[in-house]
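Structure first, commentary second.
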Amino acid sequence: MDNLLEFLFGRDVPGQLNILAQTLLPAIWETVYSTLLATLLAYLIGLPLGVLLVVGEPGGIRPLPRPVMKTLNILVNILRSVPFLILMIMVIPLSRLILGTSVGTVALLVPLVIAAFPFVSRLVEGSLRDADGGVIEAAQAMGCSPGRIIRAVLLPECLPSLITGFTTALITIMGYGAMAGVLGGGGLGAMAINYGYYRKQTLVMYTAVILLVLLVQLIQSLGTRLSSAVDRRDTRTAQRISLKGGEKTAL
């Protein structure tokens, strides 16, 4: 029985509870703010880049030279191909140059943003490719400029999908941040690794993992609800069906 309890909760349960009391709230805060900040910074780069990958292609709203588009696609593909832990090691000098340190939650932002913005750009690109081509053609026929089409037609039309992509990016970046605990990052991931793995304090590790799962569930639930709330495609479809039904009745 003692061996089972030790396997489930580790040694010195009172000591682990004391560690949780001291470190749990700061770890949750570090996880939340680093994830949110890194996601926002990644979108500052990835959102315009994703839009450019769609509107700048041949036949797009604002075609760009083929060499430019090819270079952008190659750059995005290369950055997406590097595993996060390896990328984090590679950008340690850059973190030190920008922030003066490569350890801690703040230093984690540099590799998180570099790893996340190519992923974000592909999410945005995928969302924009689902836009209704007829709506865009109608805006072009009305003489709207490319910038106005992007702001007033393309992005609003794809807003539900963009919100879903933002939710996916947020969860992915949180996972990156948890992995960064191996190399001196902060938050719940660092708590799980430093205490749960290195010191065999299983209760601390389980608590950190459960909280990460709950945070992911909360983010996914909020993202799904928000995406559904702004999705007007079902309303437009119902209106079209209603109009067709009215026309048939009139006939």
Side-chain angles (χ1 to χ4, degrees), residues 30-57 60 64 68-95 98-99 102 105-131 150 154-155 157-190 212-213 215-224 226-227 230:
E30 289 176 354
T31 297
V32 171
Y33 98 78
S34 64
T35 300
L36 288 174
L37 185 56
T39 304
L40 292 175
L41 292 174
Y43 262 83
L44 285 177
I45 304 173
L47 179 59
L49 180 57
V51 171
L52 195 62
L53 290 174
V54 174
V55 304
E57 65 183 359
L64 295 176
V68 173
M69 296 301 299
K70 189 172 183 179
T71 301
L72 289 176
N73 277 285
I74 291 175
L75 176 63
V76 170
N77 290 336
I78 289 175
L79 290 176
R80 285 196 64 197
S81 301
V82 181
F84 175 69
L85 288 178
I86 296 176
L87 179 64
M88 189 173 179
I89 295 172
M90 292 174 62
V91 301
I92 283 177
L94 182 61
S95 298
I98 296 175
L99 302 172
S102 60
T105 306
V106 176
L108 175 63
L109 293 175
V110 175
L112 276 180
V113 172
I114 294 176
F117 86 81
F119 176 64
V120 167
S121 69
R122 290 302 186 193
L123 288 176
V124 172
E125 179 188 7
S127 296
L128 298 185
R129 291 193 185 281
D130 291 335
I150 293 170
L154 188 59
L155 293 178
E157 180 74 15
C158 301
L159 186 58
S161 181
L162 289 171
I163 292 175
T164 301
F166 182 84
T167 304
T168 302
L170 202 60
I171 293 172
T172 302
I173 292 172
M174 182 177 289
Y176 286 164
M179 286 189 289
V182 176
L183 297 175
L188 292 170
L212 283 170
V213 171
L215 284 172
V216 169
Q217 295 300 316
L218 177 62
I219 293 169
Q220 186 62 65
S221 177
L222 292 175
T224 300
L226 183 58
S227 177
V230 302

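Side-chain contact between Thr35 and Tyr176 is absent, with no heavy atoms from C-beta onward closer than 4.5 Å. Side-chain atoms of Leu128 and Leu155, non-hydrogen and from C-beta on, do get closer than 4.5 Å to each other. In this structure, Val76 and Leu72 have side chains that are not in contact, with every pair of non-hydrogen atoms separated by 4.5 Å or more. Put simply, the side chain of Glu57 does not reach to within 4.5 Å of the side chain of Glu125, judged on heavy atoms. In this structure, the side chains of Leu188 and Leu215 come closer than 4.5 Å at one or more pairs of heavy atoms. Arg122 is listed as a side-chain neighbour of Asn73, based on a closest heavy-atom distance under 4.5 Å.
Pairing each heavy atom of Ile163 with each of Ser227, the nearest pair is CG2-N, 4.0 Å. Residues Ile219 and Met174 approach most closely at CD1-CE, 3.5 Å, considering heavy atoms. The minimum heavy-atom distance linking Pro111 with Leu87 is given by the pair O-CD2, 4.3 Å. The shortest non-hydrogen separation linking Leu123 to Gly165 is CD1-O, 3.3 Å. When all heavy atoms are compared, the tightest approach of Phe117 to Ala42 is CB-O, 3.6 Å. Heavy-atom minimum distance, Pro118 versus Leu79: CG-CB, 3.4 Å.
We find the CD1-OG1 distance between Ile173 and Thr168 to be 11.0 Å, quoted to the nearest 0.5 Å. In this structure, OG1 on Thr31 lies 6.0 Å from CG on Leu212, to the nearest 0.5 angstrom. Here the CG-CG distance, from Leu40 to Leu36, works out to 6.5 Å after rounding to the nearest 0.5 Å. Expressed to the nearest 0.5 Å, how far CG of Leu170 lies from OG1 of Thr39 amounts to 4.5 Å. Here the straight-line distance linking atom CG of Leu47 with atom CG of Leu52 works out to 11.0 Å at 0.5 Å rounding. The OG1 atom of Thr172 sits 11.5 Å away from atom CG of Leu112, with the distance rounded to the nearest 0.5 Å.
In the model, Gln220 has a side-chain atom that pairs as donor or acceptor with a side-chain atom of Thr224 under 3.5 Å.
Of the listed residues (Thr164, Val51, Leu162), just one forms a side-chain contact (heavy atoms from CB on, under 4.5 Å) with Ser127, and that residue is Leu162.
For Tyr43 (side chain) and Phe166 (main-chain N/O), a donor-acceptor pair under 3.5 Å exists by modelled atom type.
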